[in-house]
Amino acid sequence: AQACGAGFSGAQSVESARYVVAYRTRPEKIAVGSHFTVEFTVCAKDGAPAPDSVRVDGFMPEHRHGMNYRTKVVALGAGRFRSEGWLFHMPGRWEFVFELGAERLTHSVRIE
């Protein structure tokens with residue numbers, strides 16, 4: 001699990017009982033109202049199968065809404081993915097929501 005995202009400079013990580021996700025954004029600093037991409041890798045922990053589906057989205061919990069854009073996930077092979085179509089349209093706390101089959105992992109970021 002600790003090796004997930006090795007060589008993936010600038011990555012944040014989030015984990016559940018079965019998976020570890022290491023992700024980074026391009027550009028690294030997210031600006032309100034500017035498009036960006038999310039690059040990520042999914043690692044199954046010992047004994048866990050690879051997820052049967054992978055989705056990622058953004059959500060603003062305090063406002064109870066997501067983004068105004070629908071993201072697209074492109075599989076790059078070997079558990080690596082790129083998600084396109086990102087734009088955080090307002091400042092505040094956002095969550096990256098990774099859905100790996102039935103599991104849901106979230107990581108919060110503050111956008112100013």
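Heavy-atom basis, side chains included; hydrogens, waters and symmetry copies ignored. Counting from 1, the numbers follow the sequence of the chain as shown. The model shown is predicted, which means the values in this text are computed figures rather than measured ones.
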J.: Counting C-beta onward and ignoring hydrogens, is there a side-chain heavy-atom pair between M60 and E95 closer than 4.5 Å?
T.: no

J.: So V73 and V56, do their side chains get closer than 4.5 Å, heavy atoms only?
T.: yes

J.: Just verifying a value: how many Å separate E99 CD and S53 OG, rounded to the nearest 0.5 Å?
T.: 8.0 Å

J.: Heavy atoms, side chains only, cut-off 4.5 Å: are V42 and L100 in contact?
T.: yes

J.: How close do L105 and Y19 get, heavy atom to heavy atom, and via which atoms?
T.: CD2-O, 4.1 Å

J.: Does the side chain of R26 come within less than 4.5 Å of F36's, by heavy atoms?
T.: no

J.: Show, in sequence, the C-alpha distance, side-chain angles and deciding distance for H35 and Y69, and conclude whether the ring-ring contact (aromatic ring centres under 6.0 Å, His included) test is met.
T.: CA-CA 10 Å; H35 287 277; Y69 293 84; 5.2 Å; yes

J.: For the residue pair P51 and G101, what are the closest heavy atoms and their distance?
T.: CB-N, 4.1 Å

J.: Are the side chains of R93 and P61 in contact, using a 4.5 Å heavy-atom criterion?
T.: yes

J.: Does any non-hydrogen side-chain atom of C4 lie less than 4.5 Å from one of T41?
T.: yes

J.: Would F98 and V14 count as a side-chain contact (heavy atoms from CB on, under 4.5 Å) here? Give the steps.
T.: CA-CA 9 Å; F98 297 90; V14 59; 4.3 Å; yes

J.: So do K45 and V20 actually touch side chain to side chain, heavy atoms under 4.5 Å?
T.: yes

J.: If every non-hydrogen atom of L87 is compared with every non-hydrogen atom of G33, which pair is closest and at what distance?
T.: CD1-O, 3.5 Å

J.: Looking only at non-hydrogen atoms, find the nearest pair between C43 and G5 and report the distance.
T.: SG-N, 4.4 Å

J.: Suppose the criterion is side chain to side chain donor-acceptor pair (under 3.5 Å): which pairs have a residue in residues 72-82, not counting sequence neighbours?
T.: R82-E84

J.: Testing F96, W86, F81 for ring-ring contact (aromatic ring centres under 6.0 Å, His included) with Y23, which one passes?
T.: F96

J.: Roughly how far, to the nearest 0.5 Å, is CE of M67 from CZ of F59?
T.: 12.0 Å

J.: Would W94 and H63 count as a ring-ring contact (aromatic ring centres under 6.0 Å, His included) here? Give the steps.
T.: CA-CA 10 Å; W94 284 88; H63 295 266; 8.5 Å; no

J.: Should H65 and H89 count as side-chain neighbours, where that means a heavy-atom distance under 4.5 Å?
T.: yes

J.: Is the number of heavy atoms from other residues, nucleotides or ligands within 6.0 Å of CZ (R55) greater than 12?
T.: no

J.: Got a second to check how far F88's CZ is from T25's OG1, nearest 0.5 Å?
T.: 8.5 Å

J.: Looking only at heavy atoms, which two atoms of V32 and E112 are closest? And how far apart?
T.: CG2-O, 3.8 Å

J.: Just checking, is any N or O donor in the side chain of S16 or E103 under 3.5 Å from an acceptor N or O on the other one?
T.: yes

